[in-house]
**Student:** 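To start, I am sharing the structure in question, which I have written as structure tokens.
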Amino acid sequence: MADDQQAPPGVPHSIFELSAFNPVARDNPHPLLKSLRDGCPVMRDEPNKTWLLSRYKDVRDTVNDRTFVRHPSNAEAGSITSRLVDETGDNRRTSILFLDDPDHARIRQPLAKAFYARINRMRPEIEAMIDEIIDAAPMSGEFDLMAEIAVPLPVLVIARILGVDEARLADFREWSEGVILSLNPLRTPEENERMMTGAAALDEYFSQLMIERRAAPKDDLVSDMVQLQARGEANVEDDEVRLNLQALLVGGNLTTTDLIGNGIWLLLTHPQQAEALRAHPDLAAQAVEEVLRYEAPVSLTSRILAEDRAVAGCPMKASQPVWMSLAAANRDPDAFEEPEAFDITRKRTGHVAFGGGPHICIGAPLARIEARHVYLKLLERYPNMRLPEQTLEWRALPFFRGLERLVVAV
Ligand code: HEM
């Protein structure tokens, strides 16, 4: 390995140093990410047996490149990526998140088609649900915006899209919150128990829901998928439908919560930007893109080399994982003018907060609809919303960036 792939003193040496495991990076990862991008843009993290890219062009080229693979079982033993798969059972069975072609395209295509058609049809209903949640929040005093709005909202929306019965919504929320604990490697034994119980209950619930919707379809995504199967328009097995509907649930929750929380925090700490959005609500779409660029809810994504080759000008070996800092790429001065400025009037951003290429986030259109409507509705309902004195606590979940609490005064 060439010397210049070893991070110089002062530059982070390990992928975990850049994550919320490190209290300094948890508070503010951006100075560390800058020193990585400037000092060691193609970094080798030997203990975790991975590469880490941080320049925009390298990240963009890599996510778009279809010669990489994604399933963690292709990764070198002992690498951070190989640790992502369950070592017991049939670990090739995963959602599209980790599948490779031809299975990835076979499942993603009909799922995306049905999901997008449904989001488009349900847009007024989604916006009405958002209004309902926000209208129920306090009209005066102080409250935690995460607990009242950002956390409950995405799970309610996805439950309605999927077709979860109203009467089971509370259970559904409890189970999905349990499953989300799988993203926390430091979970307590009690949390582990809650995670396992939630996962088992969700499996059981979705299996039953599919049987019911096959017998009597309703106006929801579960019905759409079982009907596509029945008409032979989706060559997808039952457990594949189930796994991927659950992936929509888990993939979209915390991420959208953080897009809401990070966005409101940024608007309140940049009052001129909030004023610009109040005065020009048509800036909402650009505001969402700028929040995604500036404080991406998902910090990293990864691919795996299928063969020996050069990546970002550096020789690499088959089965080596390549992780990419989406957060570092999104503030690369070679790609963005004044990258450290939060500016919702920025015209074209082209950020990589949703990754890219064949695995680009399938939920991006839904996240955008939700965030746009939430930002506008909150600014309209609370003309004097501000941040009272508080110590911000960022979540200690590696690879995600979001707030535990965000107390607002209205
Ligand atoms: C702000 C909100 C969100 C962010 C920042 C985000 C970010 C990401 C990223 C970075 C990836 C990996 C892309 C890659 O490696 O190229 C991804 C994939 C994925 N996301 Fe999202 N996501 C968000 C919202 C959602 C929502 C709302 C859903 C579902 C309702 C969702 C479901 C998924 C799924 C299923 C995948 C796997 C797609 C595939 O591999 O083909 N995400 N997301």
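Each residue takes its place number in the sequence, starting with 1. Note that ligands are numbered from 1 as they come in the structure, with each ligand's atoms numbered from 1 the same way. Note that the structure is predicted; figures quoted are calculated from it, not measured.
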**Student:** Can you report which non-hydrogen protein atom sits closest to atom 22 (N) of ligand 1, along with the distance?
**Tutor:**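 Nearest neighbour among protein heavy atoms for atom 22 (N) of ligand 1, to 0.1 Å: C361 SG, 3.0 Å.
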**Student:** In ligand 1, which numbered atoms sit nearer than 4.0 Å to a non-hydrogen atom of H104?
**Tutor:**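 Within the 4.0 Å cut-off of H104, ligand 1 contributes 39 (C), 40 (O), 41 (O).
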**Student:** Nearest protein heavy atom to atom 29 (C) of ligand 1, by residue and atom, and its distance?
**Tutor:**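 Minimum-distance protein heavy atom for atom 29 (C) of ligand 1 reads L248 O, 3.3 Å.
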**Student:** Once the angle between the rings of H270 and Y294 is folded into 0 to 90°, is it parallel (under 30°), tilted (30 to 60°) or perpendicular (over 60°)?
**Tutor:**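 Ring orientation, 0 to 90° scale: perpendicular.
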**Student:** For a quick check under 3.5 Å, do T62 and D65 share a side-chain donor-acceptor pair by atom type?
**Tutor:**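 Checked: T62/D65 side chains show no N/O donor-acceptor pair below 3.5 Å.
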**Student:** Give a yes/no on ligand 1: does G357 have at least one heavy atom closer than 4.0 angstrom to it?
**Tutor:**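 Per 4.0 Å heavy-atom rule, G357 does not contact ligand 1.
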**Student:** If only atom types and distance count, is the side chain of D308 paired as donor or acceptor with the main-chain N or O of A318 below 3.5 Å?
**Tutor:**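 Confirmed, D308 side chain pairs with A318 backbone.
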**Student:** Return the closest protein heavy atom for atom 27 (C) of ligand 1 as residue, atom name and distance.
**Tutor:**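 Going by distance alone, atom 27 (C) of ligand 1 is nearest to G252 CA, 3.4 Å.
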**Student:** R401 side chain to A20 main-chain N or O, any donor-acceptor pair under 3.5 Å?
**Tutor:**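 Checked: no pair found.
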**Student:** Please compare L326, T301, T94 and report which has the shortest non-hydrogen distance to atom 12 (C) of ligand 1.
**Tutor:**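 Minimum heavy-atom distance to atom 12 (C) of ligand 1 goes to T301.
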**Student:** Do the side chain of R381 and the main chain of A137 share a donor and acceptor less than 3.5 angstrom apart?
**Tutor:**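 Indeed, once roles are kept as given, a pair shorter than 3.5 Å links the two residues.
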**Student:** Per the side-chain contact (heavy atoms from CB on, under 4.5 Å) rule, which among V241, D224, L245, L228 passes with L111?
**Tutor:**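 So, applying the side-chain contact (heavy atoms from CB on, under 4.5 Å) to L111 and each of V241, D224, L245, L228, only L245 qualifies.
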**Student:** Please identify which of these residues, F21, F400, W265, meets the ring pair (Phe, Tyr, Trp, His ring centres under 6.0 Å) condition with W394.
**Tutor:**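 Of all the options given, the one that passes is W265.
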**Student:** Which residue from F400, F354, F68 reaches closest to atom 9 (C) of ligand 1 through any of its heavy atoms?
**Tutor:**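 When every heavy atom of F400, F354, F68 is considered, F354 comes closest to atom 9 (C) of ligand 1.
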**Student:** Quick one: which ligand 1 atoms are inside 4.0 Å of a heavy atom on I362?
**Tutor:**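 This gives 32 (C), 33 (C), 34 (C), 35 (C) as the contact atoms.
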**Student:** What residue and atom, counting heavy atoms only, is the protein's closest point to atom 5 (C) of ligand 1, and at what distance?
**Tutor:**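 Result: A353 O, 3.7 Å.
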**Student:** Could you list the atoms of ligand 1 found under 4.0 angstrom from a heavy atom of L259?
**Tutor:**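 Answer for ligand 1: 1 (C).
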**Student:** Which protein non-hydrogen atom lies closest to atom 13 (C) of ligand 1, naming both residue and atom, and how far is it?
**Tutor:**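 Minimum-distance protein heavy atom for atom 13 (C) of ligand 1 reads H359 O, 3.2 Å.
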**Student:** Would you say the side-chain atoms of R213 pair up with the backbone N or O of L221, donor to acceptor, closer than 3.5 Å?
**Tutor:**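 Flag not set: sc R213 to bb L221 has no pair under 3.5 Å.
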**Student:** Considering only non-hydrogen protein atoms, determine which one is nearest to atom 16 (O) of ligand 1 and report residue, atom name and distance to 0.1 Å.
**Tutor:**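 Here the closest protein heavy atom is R303 NH2, 2.8 Å.
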**Student:** Between the candidates R108, R70, E370, which shows the shortest non-hydrogen contact distance to atom 38 (C) of ligand 1?
**Tutor:**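 Looking at heavy atoms only, the winner is R108.
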**Student:** G355 heavy atoms, cut-off 4.0 Å: which ligand 1 atoms fall inside?
**Tutor:**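 Close to G355: 10 (C), 13 (C), 14 (C), 16 (O).
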**Student:** Which of the numbered atoms in ligand 1 are under 4.0 angstrom from any heavy atom belonging to F115?
**Tutor:**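 Listed by number with element, the hits are 30 (C).
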**Student:** Can you see which heavy atom on A341 is nearest to which on R346, and at what distance?
**Tutor:**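 Here A341 and R346 meet closest at O-NH2, 2.9 Å.
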**Student:** Does I96 approach ligand 1 within less than 4.0 angstrom via side chain, backbone, both or neither, non-hydrogen atoms only?
**Tutor:**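 Both parts.
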**Student:** Provide, to 0.1 Å, the distance between atom 24 (C) of ligand 1 and the closest protein heavy atom, together with that atom's residue and name.
**Tutor:**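 Its nearest protein heavy-atom neighbour is T255 OG1, 3.3 Å.
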**Student:** Between W175 and F206, does the ring centre distance come in under 6.0 Å?
**Tutor:**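 Distance test on ring centres: not under 6.0 Å, no.
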**Student:** Could you check whether the rings of H104 and H359 sit parallel, tilted or perpendicular, using 30° and 60° as the cut-offs?
**Tutor:**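 Taking H359 first and then H104, their aromatic rings sit tilted (interplane angle of 30° to 60°).
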